Amino acid sequence: MQKYDPKKIEKKWQKYWEKNKTFEVQEDAKKDKFYSLIEFPYPSGEGLHVGHPRPFTAMDVISRKKRMEGKNVLFPIGFDAFGLPTENFAIKTGKPPAEVTKKNIANFTRQLKMLGFSFDWSRQVDTTDPNYYKWTQKLFLQFFKHGLAYKKNQPINWCPKDKIGLANEEVVNGNCERCGTPVEKRNKEQWMLAITKYADKLLDGLKNVDYIERARLQQENWIGKSEGAEVDFPLRMVPGQTDDKHFVKIFTTRPDTIFGATFLAVSPELAKSWLDIGWQASEEVKKYITQALEARTAVTAREEQEKTGISAGIVAINPVSKKEIPVWITNYVMGEVGTGAIMGVPAHDQRDFDFAKKFGLPVKQVVMQNIVVAGAAAPREGKDLVQRKVVTGIIHNPKNDTFLLLRRADKESSFVGGTIENGEDAITALRREIVEETGYTDFEIKSTSFPNFFGNGYKLRIDKNCLDFEYFYAVELKSEDRQEVSKEELAKHEPFLVPRAEVSKTITLTMHQYMWKYYTEEKPKYLIFDFDGVIGNTFEACAKAQMVIDNKSKEEAVEAMTRYFSSKPNHAKGHSLTEIEMVAKLDWTRRFGEEMAKLEYSLFSKFNKEIKNIPNTKVAIISAGSGLYIRNRIEETGLNPSHVLTFEDHHSKEEKIEQVCKDWGVSMKDVYYFTDSKADVYELEDCLDRKKIIGCAWGYCGYDLLRELLPENQVLKNPEDIHLLFADSVYENEGVAVESEFLNGLKTPEAKQKMISWLEENRIGKKQINYKLRDWVFSRQRYWGEPIPLVHCEKCSGWVPLPEDELPLKLPKVEKYQPTDNGESPLAAMEKWVKTKCPNCGGPARRETDTMPNWAGSSWYFLAYAMGGEKRLKEKGDKFWDKEMLKHWQPVDWYNGGMEHTVLHLLYSRFWNQFLYDIGMVPTPEPYAKRTSHGMILAKGGEKMSKSKGNVVNPDEMVEQFGADALRAYIMFMGPFDQAVEWDTNGLVGVKRFLDKVWNLQEKVENKITDTKIETALHQTIKKVTEDIDAMRFNTAIAKMMELVNEMSKADKISVVNYTYLVQILAPFAPHLCEELWDVLGHEKSLACESWPQFNPELIKESEVTLAVQVNGKLRDTITVAADISEEEAKRTALSSEAVKKWLEGKEPKKVIYVKGKLVSVVV
RNA sequence: GCCGAAGUGGCGGAAUUGGUAGACGCACACGACUCAAAAUCGUGCGGAGAAAUCCAUGAGAGUUCGAUUCUCUCCUUCGGCACCA
């Protein structure tokens, strides 16, 4: 026997395959077709590096196996030869790209043949061949004729170094993808392909194909379909506009949060367009718009840009809540996205929140987190749902830093609290619960800035699912005074104190865990719920939400307050109100309340009582104290207060009110009483109707304090809210009813839908779909590409396509390949070529000088293969296109390519195919039935291989040293096919040894021998290799064959049959070696057409199996038993093992588990 | 920020309807052959321990007789998109 000599063998079989046309394929109706495709390479001057063959080898293995399985396999190859490197080389050296390309293709061809791929070389294509690009041009004209190609002046990314317009996707972090130069923006007339018209088709098509998850997701993400609503926000106070009929149209994907819109944000682009139609903005605003637009053109990394903005001095109306909100112009809203304007919902969008915080705009929470309990308390199907309000107190004993919990009889522990009963408010309920359940009487319920949320779970006691609105408060014990707790309560649960560190471990309820998390978290980041939730009670949520804004320093707060008070109170409309809301934090409110009260008192004496009826014959009285301030605010809303109590009335309010009512002739129960004082509420609730005591949260007491005593709809946050109080019809119809009832308790998806319907019914907005996908910039101002076959004719007033018989429009020879300084392609400098006749009218016309992008030729190459490639292109000329041939081969059964092409190339070629399907040129809407991707091969150290880094491993050297088969097998063995791996030449040694062993096995082959052990291993290997190739798990397929070969090597003799099988299943990986061995074994025909071996299920079964024996889950012994052993027998054998006996320590096993063929597990 | 994937020996990596963690390969160590080296063949190779045994799959909890695999929380890395409203 000779030594294994890859050099000799490989050349021999490559010649054989070529001579016998082993892999050339004909359409054959009798056989199943299989079209396997790899991305055709770009023939660079550097040749192949070891990364290239990975996808080629993989698909070669699959193709060879399919061939052996009897399929008629089309596995073509070609070259995507238009490209920048060749062009840049031409600019540098003056060498014509066509010549260079020819040379490069020759080198690539040599290298590819050297690796023994089973390509059908007869169908080769080259995108730069005029016979080929004639059809690329024809197809482009189809787009043009169907109105899908159009020219548009638009800002493009311009690389000043490459002098080329770049598609968005070629810009990486503001830099040119190719050379790293910072990209500028320029306006340029560009040919565009209207891929956006195919957005839905491209999205839907993904449902019918088998793409790897990542590829599908990336396609979906790139198309970026989002459903939402377009909503009109009416504008008021627009300077320069005489009427009030102006609107801003916004797009939102979260119409359910519209109540939380506290400002309107407009892009500088949109604001500019307003200026253009006569909006008279202030100089400051104009200046900002100009600056912001300038900043846009300098393409610095966008994500680094800080949010800037300016108040436009206009007020918009939230069309649902009818509240006035300020309009801001800001750079964080993009002109080209959506409508160029958004509603700002700071509570539910991080960016809006950042902006609101920076400019002191209010935050209003309308969606609450919906926490669904898991496990035993999870909501159960088929149970009724009840909505409840629940209050919880986290009770802190500051004396020893402990917390008061309740322990139930079943050891469950929780905070103190309970359900809120009808008519009760949360604070009262909590107070009641604390006293009842714990006996503690001396405590303070502190207002908190905790977020409200919903809890969703099943309650066994009432056998219902509950949607609980969870209030929770921080409570401080003032002393340890206690009264006795009733026996019934004690039977239910018993109070106990635990130290801070123990709380989390002790409490058992999910909701309480969340509360504790919120309670202990230092920076409440959780306030921005930009995830799905439940629409909650906005008034309460709002109050809580606002607390965040004032996470400001004292100085900032003081400054804000000073600003507020120093400005005249004539700006009640619009955003100025926000400043007072900003300082709603308790102690600050208190302090300023005191200051304010002093001011009020001194002014008070100047005013005498004034009695006027407010509209709708409602009767109102305003309290003493800071009443003047409240009155002023009410007056600003256009209403007149009816009566203000004087300072002297302060201590005899009840009598004074009685007196006033007598004068008016009304009952005391009929008057509305406005106050910002808690004391008033306590004092007067006996004589007045409690429902008509209105808390004014813009005065002395903050919202939270008033809310402790009054229901939410009786605490007003803005003076404007008074309108809502007095106009019942407005209250319901204008949307506030919606706010509190319509969406309350709905989950996000339903709330969205319901809101959209509501907006549509009320003609405020409508459902709208938005896409991220932009039209494809098809032009490039470069030489090395397909000329665009259009001429511009003045007389025909536009672009005229060249007639088909004038195609191909060949790329003319030029002297210089450098684009002109003004960014035109070198073709533009060839006046002779540019000047032409109009094919339509015969008059003078000018040719388009832009060329097509690289993506054009690769958008249909798989169709060219199916129709016969280069050879047939040449032979058939205009009759090349053949739908019958396409019907035979399309769609591509399996397409493998790089992750870097799963977005653009895949999307663009799918777009072309979809279009060609629509006009009847191709038989299937989707071009590829299946798409997979390979991981990159990296140089040592995890870097990309590149010539500039000098870390390229050359396949020529590897083949020289180890042979093509070893290289192929190693590339397949390196690691999981879809993951990146580092190259390691050392690893190749192991694979070479493996092939050596296979070769050496020849010596042991004998005719008459049976070895059942090897036979079993062999059939297991056949099974595994078959399955693993189909799943692209090449590494484990080879590992399994290595195991088999190791075993065969240990045997003295092996049978011919078994060895033959091995040669067959190894053939796809190491085809040259296996052809040679196949020949040695005495076969005449090539192995490539032999059948793929089938494993015998009977032979896979082993006669003996090793069972693991576990005691309490730990391995204690293994026993070898007959494979068909009975369960009882297995258990008995296991229990009789010495090791097991030792671990049993004489005890009886509680349970013995038997898993057939795997283990016996003994539980003690 | 959003979406996706992944964390296992010195290294590349095996093992998922939950069932003996570390297959296969590299590197390393020892031995055989050799005057010697290479090649080849054999043995060993997660950590601790003399051993019994214990500990180990990013961290922590949970479910289970049993968890790399399932659930929850967190950390890290990589990939994609990005002020996309």
Side-chain angles (χ1 to χ4, degrees), chain A residues 3 169 213-218 220-222 224-226 228 250-254 257 265 267 302-307 330-334 336-345 348-352 354-355 374-375 505 510 513 517 528 530-531 770-774 899-900 902-903 935 942 970 973-976 978-991 993-994 996-997 1000 1033 1035-1046 1049-1050 1106-1118 1142 1149-1164:
Chain A
K3 242 187 107 185
E169 42 279 17
E213 191 67 2
R214 263 174 87 194
R216 211 201 69 233
L217 278 169
Q218 281 191 29
E220 280 176 4
N221 197 270
W222 193 264
K225 185 177 184 171
S226 56
I250 61 102
F251 174 74
T252 177
T253 55
R254 292 295 302 272
T257 64
S267 64
R302 236 185 208 180
E303 62 266 32
E304 297 298 318
Q305 277 181 27
E306 218 192 309
K307 288 184 177 60
T330 167
N331 66 341
Y332 89 94
V333 178
M334 300 293 135
E336 73 273 14
V337 177
T339 60
I342 60 161
M343 60 178 194
V345 186
H348 303 299
D349 185 292
Q350 186 66 46
R351 293 155 306 170
D352 294 347
D354 294 343
F355 188 78
K505 281 183 229 162
T510 310
Q513 289 287 2
K517 189 177 148 205
I528 308 305
D530 52 5
F531 43 75
N770 230 28
Y771 298 93
K772 274 199 231 175
L773 185 68
R774 294 284 116 93
M899 260 340 274
E900 70 274 21
T902 46
V903 175
Y970 174 61
F973 180 64
M974 288 177 87
D978 56 354
Q979 280 168 41
V981 270
E982 278 179 38
W983 180 263
D984 179 12
T985 307
N986 277 335
L988 234 161
V989 176
V991 176
R993 281 180 196 150
F994 162 63
D996 279 334
K997 279 186 199 169
N1000 293 336
R1033 291 187 300 249
N1035 52 336
T1036 49
I1038 291 176
K1040 189 77 187 171
M1041 287 189 279
M1042 283 174 167
E1043 273 182 79
L1044 176 69
V1045 168
N1046 285 345
S1049 301
K1050 277 177 200 157
T1106 308
L1107 295 182
V1109 182
Q1110 295 182 342
V1111 179
N1112 283 342
K1114 296 218 168 184
L1115 181 74
R1116 295 304 179 194
D1117 198 6
T1118 55
K1142 186 185 149 200
K1150 276 187 202 157
K1151 202 164 138 194
V1152 180
I1153 296 153
Y1154 174 66
V1155 181
K1156 195 165 185 285
K1158 290 274 165 82
L1159 59 59
V1160 179
S1161 183
V1162 183
V1163 187
V1164 184

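Heavy atoms only: backbone and side chains are in, while hydrogens, waters and symmetry mates are out. Please read all numbers here as calculations on a predicted model, not as lab measurements. Naming convention: chains lettered A, B, ... in sequence-line order (proteins, then strands); numbering from 1 in each chain.
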(request) Report which part of the nucleic acid Lys1114(A) touches: base, sugar-phosphate, or nothing (heavy-atom distance under 4.0 Å, all strands). (result) sugar-phosphate
(message) Taking the P atom in each of A32(B) and C70(B), what is the distance between them to the nearest angstrom?
(response) 49 Å
(message) Applying a 4.0 Å non-hydrogen cut-off, can you work out what Asn1046(A) is touching in the nucleic acid: base, sugar-phosphate, or nothing?
(response) sugar-phosphate
(message) Just to be sure I understand the rule, does Lys1142(A) reach a base, reach only the sugar-phosphate, or reach nothing, if contact means heavy atoms closer than 4.0 Å?
(response) sugar-phosphate
(request) Can you tell me, in whole Å, how much space there is between the P of C74(B) and that of C3(B)? (result) 14 Å
(request) Assign Thr253(A) to base, sugar-phosphate, or nothing according to its heavy-atom contacts below 4.0 angstrom with the strands shown. (result) sugar-phosphate
(message) Does Ser1161(A) reach a base, just sugar-phosphate, or nothing at all? Heavy atoms under 4.0 Å.
(response) base
(request) Classify the nucleic acid contact of Val981(A) as base, sugar-phosphate or nothing, counting any heavy atom under 4.0 Å across all strands shown. (result) sugar-phosphate
(message) Can you measure Gln1110(A) atom CD to G19(B) atom P for me and round it to whole angstrom units?
(response) 11 Å
(request) May I ask you to say what Val1109(A) touches in the nucleic acid, namely base, sugar-phosphate or nothing, with a heavy-atom cut-off under 4.0 Å? (result) nothing
(request) Whole angstrom is fine here: how far is it from CG in Asn1035(A) over to C1' in G25(B)? (result) 11 Å
(request) Would you mind reading off the distance between Leu1115(A) atom CG and A56(B) atom P, rounded to a whole angstrom? (result) 16 Å
(message) Could you tell me if Lys307(A) sits above the aromatic ring of Tyr332(A), with its cationic atom closer than 6.0 Å to the ring centre and no more than 45 degrees from the axis?
(response) yes
(request) May I have the distance from Asn221(A) (atom CG) to A5(B) (atom P), rounded to whole angstrom? (result) 13 Å
